[in-house]
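Right, one structure below, let's go through it.
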Amino acid sequence: MDIRQLNYFVAVYEQGSVSAAARYCCVAQPSLSAALRQLEQELGVTLFLRLPKGVLPTEDGEKLYGHAGRLLGQLQSLKASFREPVARVKFRLGLIRALGVERMSQLLREFSNSVAGLELHLVEPEEPCDARIITPHQLKAGEAFQPIWRDSYLLAMPPGTALSLQQQIQLTDFEQLPLIKRTPCDAWNILYPELVRLGIKPDIRADIQTIEYALGLVSAGVGCALVPNFDSLLQRQDITLSTITSLNLQREIGLAYPKNQDSVSLTILRQLCKTVG
C-alpha cells in the first residue's frame with residue numbers, strides 16, 4: 001500500500017466514479033483502476049460496488065475512507081511542519097444548505113490548496129462574509145452573481161411502490177401521496193402553490209430541513225421527497241427517482257460577492273467556480 005493508491009481511492013470515493021476520479025487526479029483511467037485493484041488485492045477486500053453509473057463504497061470502503069483521510073491529513077501536516085510559515089489568509093464563505101457534499105468538498109479542497117495559508121470559515125449566508133454560495137433570489141444590493149450550477153429536481157420514492165414504476169410523475173399523482181416536506185426548498189416553493197391551486201392535497205408525513213434526513217425517510221418507506229439531481233443520488237439503490245411533468249422545477253446556484261471587493265482569494269475562488277460548474 002502506498003500514498004498514491006490511497007489518494008486514488010479517496011478520489012474515487014469522493015467523486016463517485018472511476019472516470020471522474022481519473023480526471024480529478026489527472027491520470028489515465030486504466031492506471032487508476034489498476035492501482036485500485038492492487039489496493040483491494042493487498043487488503044483482501046472489495047472497496048467499491050461497480051454500478052452502471054459509477055461506484056458505491058462497501059462497508060470496507062467506508063472503513064478505509066476514514067483511515068485514509070486521517071493518514072493523508074497527517075502526511076500533509078508532516079510536510080507542512082518543514083515549510084516556512086506563511087501568513088494566514090482568513091476567508092468567510094456563506095453557504096446555503098443542500099449544495100451537494102461531493103461537489104462542495106471538491107470546490108473547497110481546490111480553494112484551500114490554491115490559496116497559501118488559507119483559513120476558511122464556513123458560515124450561514126446571512127452572516128457577514130467575503131462571499132456567498134446562494135440562489136439568485138437571495139442576492140443583496142451591491143453584490144455580483146456568478147452562476148456555478150443549475151439543478152433539476154426529481155421525486156425520490158421508496159423502491160417497489162406502484163408510483164416508482166413510472167418514469168414521469170403527473171401532478172395528479174400527488175393526491176394523498178405520502179410526502180416529506182423539506183424547507184427551505186426552492187422546488188417545494190414552486191410545487192406546493194401549484195398543488196393548492198389545483199386542489200390536490202398530498203399526505204405530508206414529515207417537515208424537515210436536510211436532504212440526508214429526507215432521503216433516509218424515503219429509503220425507510222415513510223414517503224416521497226423532492227431532491228436535486230446530484231450524481232451521487234442517481235447511483236443509490238435504496239430509492240427510485242422520477243421526473244415531474246408540467247413544472248420546471250429547477251434552481252440556479254452561484255457565487256455572490258461584493259462588487260467592490262477584489263482580493264486575491266476571491267479572484268481564485270471565482271476562477272475555480274468557473275471550472276467546476
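Everything numeric in this text was worked out from a predicted model, so none of it was measured. Heavy-atom basis, side chains included; hydrogens, waters and symmetry copies ignored.
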*More than 12 foreign heavy atoms under 6.0 Å from CD of E59: is that the case here?*
no
*Would you name the heavy atoms of I96 and P125 that are closest together and state the gap between them?*
CG2-CG, 3.9 Å
*Are any side-chain N or O atoms of N229 and backbone N or O atoms of S152, one a donor and one an acceptor, separated by less than 3.5 Å?*
yes
*Give me the ring orientation class for Y192 and W188: parallel if the planes are under 30° apart, tilted from 30 to 60°, perpendicular past 60°.*
parallel
*Establish whether V55 and V45 are linked, either directly or via other cluster members, by ILVMFWY side-chain heavy-atom contacts under 4.5 Å.*
yes
*When clusters are formed by joining ILVMFWY residues with side-chain heavy atoms under 4.5 Å apart, either directly or through shared neighbours, do I268 and V89 land in the same one?*
yes
*Under the 3.5 angstrom rule, does the side chain of S219 hit a backbone N or O of L215 as a donor-acceptor pair?*
no
*Does V27 offer a backbone N or O that forms a donor-acceptor pair with the side chain of S31 under 3.5 Å?*
no
*Measure the spacing between OG of S114 and CZ of R109 and express it to the nearest 0.5 Å.*
11.0 Å
_Heavy-atom pair with the smallest gap, counting every atom of P178 and V222_ = CB-O, 3.8 Å
*Quick one: does Q250's side chain get under 4.5 Å of R150's, heavy atoms only?*
yes
*Without hydrogens or angle criteria, can the side chains of Q209 and R97 be said to hold a donor-acceptor pair below 3.5 Å?*
yes
*For the pair F174 and D203, evaluate side-chain contact (heavy atoms from CB on, under 4.5 Å) and give the outcome as yes or no after the intermediate values.*
CA-CA 8 Å; F174 282 87; D203 179 12; over 6 Å; no
*asked:* Using side-chain heavy atoms (C-beta onward) and a distance below 4.5 Å, is I169 in contact with M157?
replied: yes
*Is there a donor-acceptor contact under 3.5 Å from the side chain of Q146 to the main chain of R270?*
yes
*With hydrophobic residues grouped by side-chain heavy-atom distances under 4.5 Å, do Y153 and L163 end up in a single group?*
yes
*N-O pairing of R37 and E40 below 4.0 Å*: no
*Looking only at heavy atoms, what is the nearest atom pair of F91 and A131, with distance?*
CZ-CB, 3.9 Å
*asked:* Looking at T58 and T46, would you say the former's side chain and the latter's main chain have a donor-acceptor pair under 3.5 Å?
replied: yes
*Between the side chains of T135 and Q138, is a donor N or O closer than 3.5 angstrom to an acceptor N or O?*
yes
*Worked check of side-chain contact (heavy atoms from CB on, under 4.5 Å) between L191 and L171*: CA-CA 9 Å; L191 174 66; L171 292 182; 3.7 Å; yes
*Are any side-chain N or O atoms of E143 and backbone N or O atoms of K140, one a donor and one an acceptor, separated by less than 3.5 Å?*
yes
*Can you tell if the side chain of C129 reaches within under 4.5 Å of the side chain of L93, non-hydrogen atoms only?*
no
_Heavy-atom pair with the smallest gap, counting every atom of A11 and C25_ = CB-SG, 3.5 Å
*So, the side chain of R236 versus the backbone of S232: is there a donor-acceptor pair under 3.5 Å, distance only?*
no
*asked:* Side chains of T183 and D207 only: does a donor on one sit below 3.5 Å from an acceptor on the other?
replied: yes
*What class does the angle between the rings of Y13 and Y65 fall in, given that below 30° is parallel, 30 to 60° is tilted and above 60° is perpendicular?*
parallel
*For T243, does its backbone N or O pair with a side-chain atom of Q167 as donor and acceptor, under 3.5 Å?*
no
*Short side-chain donor-acceptor distance under 3.5 Å, Y257 and R132*: no
*Considering only heavy atoms from C-beta outward, does the side chain of K181 approach that of R205 to under 4.5 Å?*
no
_Trace of the side-chain contact (heavy atoms from CB on, under 4.5 Å) decision for F48 with V12_ = CA-CA 9 Å; F48 296 103; V12 173; 3.7 Å; yes
*asked:* In the structure I gave you, are the side-chain heavy atoms of K201 and V196 within less than 4.5 Å of one another anywhere?
replied: no
*Verify the cluster assignment for I244 and V227: are they in a single hydrophobic cluster under the rule of side-chain heavy atoms below 4.5 Å apart?*
no
*Value rounded to 0.5 Å, distance of OG in S17 from CZ in R50*: 11.5 Å
_Test item: I253 and P136 side chains (from C-beta on) under 4.5 Å apart, heavy atoms_ = no
*Pairwise distance CG(L233) to CD(E102) - rounded to 0.5 angstrom*: 8.0 Å
*How many angstroms lie between atom CG of N189 and atom CZ of R251, to the nearest 0.5 angstrom?*
12.0 Å
*asked:* Less than 3.5 Å apart, any donor N or O on the side chain of S19 or Q29 sitting next to an acceptor on the other?
replied: no
*For the atom pair CG (L64) and CG (L39), what is the distance rounded to the nearest 0.5 Å?*
6.0 Å
*For the pair R92 (side chain) and P128 (backbone), establish whether a donor and an acceptor sit closer than 3.5 Å, ignoring hydrogens and angles.*
yes
*Might you point out which heavy atoms bring V123 and E127 nearest each other, and give the distance in Å?*
CB-OE1, 3.7 Å
*Between A214 and I180, what is the shortest heavy-atom contact and its length?*
O-CD1, 3.9 Å
*Exercise: do T245 and Q168 side chains pair donor with acceptor under 3.5 Å*: no
*Indicate yes or no: at least one non-hydrogen side-chain atom of F230 is less than 4.5 angstrom from one of V101.*
no
*Are L139 and I148 connected, step by step, through hydrophobic side chains (Ile, Leu, Val, Met, Phe, Trp, Tyr) whose heavy atoms are closer than 4.5 Å?*
yes
*Gap separating the CG atom of L179 from the CG atom of L226, nearest 0.5 angstrom*: 6.5 Å
_Close side-chain approach of I134 to L95, heavy-atom, < 4.5 Å_ = no
*Step by step, work out the side-chain contact (heavy atoms from CB on, under 4.5 Å) result for M104 and L108.*
CA-CA 6 Å; M104 278 306 305; L108 297 179; 3.9 Å; yes
*Are any side-chain N or O atoms of Q235 and backbone N or O atoms of K53, one a donor and one an acceptor, separated by less than 3.5 Å?*
yes
*asked:* Does either side chain, that of D173 or that of Q166, offer a donor lying less than 3.5 Å from an acceptor on the other one?
replied: yes
